[in-house]
Number of protein chains: 2
Amino acid sequence: MPRRTQTERTDRTTAALVAAARELFGRDGYAATGIDAVAAAGGVTKGAAYHHFQNKAALFRAVFVHEQRRISARLEQAAAAEPDSWSALLRGCLTFLEHCLDPTFRQVVLLDGPAVLGWETVREIEREHTLRVLTAGIGAAIADGRMAGGDPLVRAQLMFGALCEAGMLLARAGDPAGALPAVAAEAARLLGSVAAEPPENRPGGPPGSG
Amino acid sequence: MPRRTQTERTDRTTAALVAAARELFGRDGYAATGIDAVAAAGGVTKGAAYHHFQNKAALFRAVFVHEQRRISARLEQAAAAEPDSWSALLRGCLTFLEHCLDPTFRQVVLLDGPAVLGWETVREIEREHTLRVLTAGIGAAIADGRMAGGDPLVRAQLMFGALCEAGMLLARAGDPAGALPAVAAEAARLLGSVAAEPPENRPGGPPGSG
DNA sequence: TCGGTTACATACTCTCGGTATGGAAGTGAG
DNA sequence: CTCACTTCCATACCGAGAGTATGTAACCGA
């Protein structure tokens with residue numbers, strides 16, 4: 001065992017714990033997963049877990065934030081590859097739906113998150129990640145005149161709720177990959193309805209108008 | 001103690017348990033509420049609770065179904081008072097948002113429900129209550145040509161997700177009653193975007209076009 | 001009235017979140 | 001290097017609460 005610095009020890013242990021927690025929380029759910037099991041999967045014991053995390057919910061919160069970082073990074077990357085604000089928005093929604101095919105994401109973020117952390121905390125975290133990206137996209141679309149005016153954050157939040165439902169719906173479908181276009185089309189319709197009117201033939205303009 | 005029939009005993013006890021569970025689950029959340037506390041609040045003991053319900057989740061499920069019946073009945077009543085399918089739909093959405101001001105409803109149905117019962121079970125129950133009413137409303141609007149064609153159930157589910165978010169958003173606002181119109185307007189925009197196009201000046205037609 | 005079933009209370013077990021304590025690993029000053 | 005000090009982590013323990021076993025009282029059907 002080579003000599004390790006304290007921060008290295010802490011980083012390794014917490015990383016192992018979060019990784020193990022992500023695995024178990026994501027597979028079995030928060031309630032059905034014990035701290036002992038997480039610690040064992042991470043190669044340590046309960047003592048280590050409670051040294052680095054105040055309680056079970058705090059460990060879960062770390063996993064939740066981890067998931068938020070993953071999805072928001074993926075969304076930003078997908079949106080950045082698009083030529084204009086509107087297609088970036090559509091692309092982001094599609095990417096979100098695809099991401100919902102990950103069972104761990106669904107269990108941790110969509111199912112357990114609100115119940116364990118509370119709605120307030122969940123949205124506070126999401127406002128710095130997923131919701132931030134979505135709000136920026138909607139704000140850009142509004143600024144470009146591609147979408148009707150309004151509060152971007154409120155609109156993002158409603159859209160986010162619809163997307164979460166769509167993602168769950170998709171994931172439970174018999175053939176998720178096959179069902180994606182249909183569900184995505186319905187989601188795009190929702191976006192299209194708040195598109196700027198009149199729906200002229202703007203280049204790259206909102207769909208659903210023809 | 002007058003002589004009671006068995007079904008009467010059962011009905012009274014289960015009703016008392018469900019009422020107490022609704023109170024405590026709604027106030028403190030599922031995880032923070034013990035079976036003993038529920039039983040005591042219902043005037044019985046744990047033995048009675050486990051005699052009538054297989055486990056804690058089954059008791060919660062009864063509360064969840066109870067809430068579903070309440071909201072769906074209220075929605076149907078509100079929609080029935082409207083003259084046409086489109087205004088009935090709008091009225092229903094507004095009524096749903098108002099209903100979200102009830103903390104018990106939010107805690108049981110929106111926060112704990114999915115985590116405790118699982119998404120599958122929750123949506124299965126809702127398909128027979130809230131989602132059924134919403135789907136019928138959307139189906140009627142489509143049939144009346146007030147809304148673009150599509151799968152009513154899928155559209156209802158997305159709309160439902162957006163409404164749940166809107167309801168939480170509303171409830172956490174400083175002045176919920178005051179914020180209701182703004183949030184409701186944004187929700188109506190979402191509906192308006194899937195409205196039938198072209199948006200001619202149909203009598204009682206969809207808003208958001210002016 | 002009486003055997004059998006249902007409704008409920010009491011007493012118990014056992015899992016699991018959280019704490020207390022002891023020791024090993026790292027740190028910083030002299 | 002060394003030695004007091006802090007940080008990291010393991011082991012042993014505690015208490016709360018979900019679920020069970022068992023006993024008893026209330027109902028039911030004959």
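Quick note on labels: first sequence line is chain A, next is B, and so on, each numbered from 1. Computed from a predicted model, the values in this text were never measured in an experiment.
When rounded to the nearest whole Å, the span between CZ of B:Arg9 and P of D:dA26 equals 8 Å. Computed from coordinates, the A:Asp36 CG to C:dC14 C1' distance equals 14 Å when rounded to whole Å. Nucleotide C:dA25 holds its C1' atom 15 Å from the CZ atom of A:Arg12, rounded to whole Å. The nearest whole Å value for the distance from the CZ atom in B:Arg4 to the C1' atom in C:dT6 is 17 Å. If you take CG of B:Asp11 and C1' of C:dC8, they are 16 Å apart, rounded to a whole angstrom. Atom pair A:Gln54:CD and C:dG18:P shows a separation of 9 Å (rounding to whole Å applied). Atom OH in B:Tyr50 sits about 18 Å away from atom P in C:dC12, given to the nearest Å. C:dA7 atom C1' lies 14 Å from atom CZ of B:Phe53, rounded to whole Å.
At a cut-off of 3.5 angstrom, the base of C:dG18 holds no donor-acceptor pair with the side chain of A:Lys56.
Residues A:Ala48 and B:Asn55 both approach DNA chain D. Their nearest nucleotides, taken by heavy-atom distance, put A:Ala48 toward the 5′ side. Positionally, the nearest nucleotide of DNA chain C for A:Ile35 lies more toward the 5' end than for the other of A:Ile35 and A:Gly47.
Note on A:Thr14: nothing from the nucleic acid sits closer than 4.0 angstrom, heavy atoms only. If you check every strand for non-hydrogen atoms under 4.0 Å, A:Thr7 touches nothing.
Atom CZ of A:Arg123 sits in a crowded spot, with more than 12 heavy atoms from other residues, nucleotides or ligands closer than 6.0 Å. Residue-environment remark: CZ (A:Arg61) stays at or below the threshold of 12 foreign heavy atoms within 6.0 Å.
A sub-4.0 Å separation between OP1 or OP2 of C:dA7 and a side-chain N or O of B:Thr13 is absent. When the side-chain nitrogen and oxygen atoms of B:His52 are compared with OP1 and OP2 of C:dA7, none of them lie within a distance under 4.0 Å. A close approach under 4.0 Å does occur between a side-chain nitrogen or oxygen of A:His51 and OP1 or OP2 of D:dC8. Contact check, A:Thr5 against C:dG26: no side-chain N or O comes under 4.0 Å of OP1 or OP2. For the pair A:Thr10 and D:dT7, the criterion of a side-chain N or O lying under 4.0 Å from OP1 or OP2 is not met.
Taking only side-chain atoms of A:Gln6, from C-beta outward, the nucleotide of C:dC8, D:dC8, D:dA12 with the closest atom is D:dC8.
In this model, a donor atom of one side chain and an acceptor atom of the other lie less than 3.5 Å apart for A:Gln68 and A:Thr130. Side-chain contact annotation: B:His66 with B:Arg22, donor-acceptor N/O pair under 3.5 Å absent.
Using a 30° and 60° split on the angle between ring planes, A:Tyr30 and A:Phe25 fall in the tilted class, from 30° to 60°.
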